[in-house]
Amino acid sequence: MAKYSAKAQEKVRENMHEMKEGKLKSGRSGKKVTDPKQAVAIGLSEARKEGAKVPKQK
């Protein structure tokens with residue numbers, strides 16, 4: 001199982017809360033995110049950009 005840093009876990013948690021509140025938007029299109037998997041992916045992507053320990057994308 002992949003290990004994620006505390007910073008990455010926090011980002012994913014924040015994005016999940018935003019998604020549940022209906023405030024999370026996708027990148028280019030700006031559409032509302034409704035899929036939990038997409039919320040997790042956005043959180044991990046943001047964590048990568050901030051330099052958190054996150055495994056590489058496949």
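This is a predicted model, so every value here is computed, not measured. One-based numbering along the sequence shown.
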Taking all heavy atoms of [X] and all of [Y], pick out the closest pair and write down the distance.
| X | Y | result |
| --- | --- | --- |
| Gly43 | Lys11 | O-CB, 3.7 Å |
| Ser5 | Ala52 | OG-CB, 3.5 Å |
| Val54 | Ala47 | CG2-CB, 3.9 Å |
| Gln38 | Ser26 | NE2-CB, 3.9 Å |
| Glu46 | Asn15 | OE1-ND2, 3.4 Å |

Which value, rounded to the nearest 0.5 Å, describes the distance between [X] atom [atom1] and [Y] atom [atom2]?
| X | Y | atom1 | atom2 | answer |
| --- | --- | --- | --- | --- |
| Lys32 | Glu18 | NZ | CD | 13.0 Å |
| Ile42 | Glu14 | CD1 | CD | 13.0 Å |
| Met16 | Leu24 | CE | CG | 9.5 Å |
| Lys56 | Arg48 | NZ | CZ | 10.5 Å |

Legend entry - Ionic contact status for Arg13 with Glu10, cut-off 4.0 Å: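 Yes, this pair counts.
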Inset, instruction - Starting from the C-alpha separation in whole Å, work towards a yes-or-no answer on side chain to side chain contact (heavy atoms under 4.5 Å, CB included) for Tyr4 and Val12. - result: CA-CA 10 Å; Tyr4 296 94; Val12 170; over 6 Å; no
Inset, instruction - Evaluate whether atom NZ of Lys25 has more than 12 neighbouring non-hydrogen atoms of other residues, nucleotides or ligands under 6.0 angstrom away. - result: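 Enclosed: over 12 neighbouring heavy atoms sit under 6.0 Å from NZ of Lys25.
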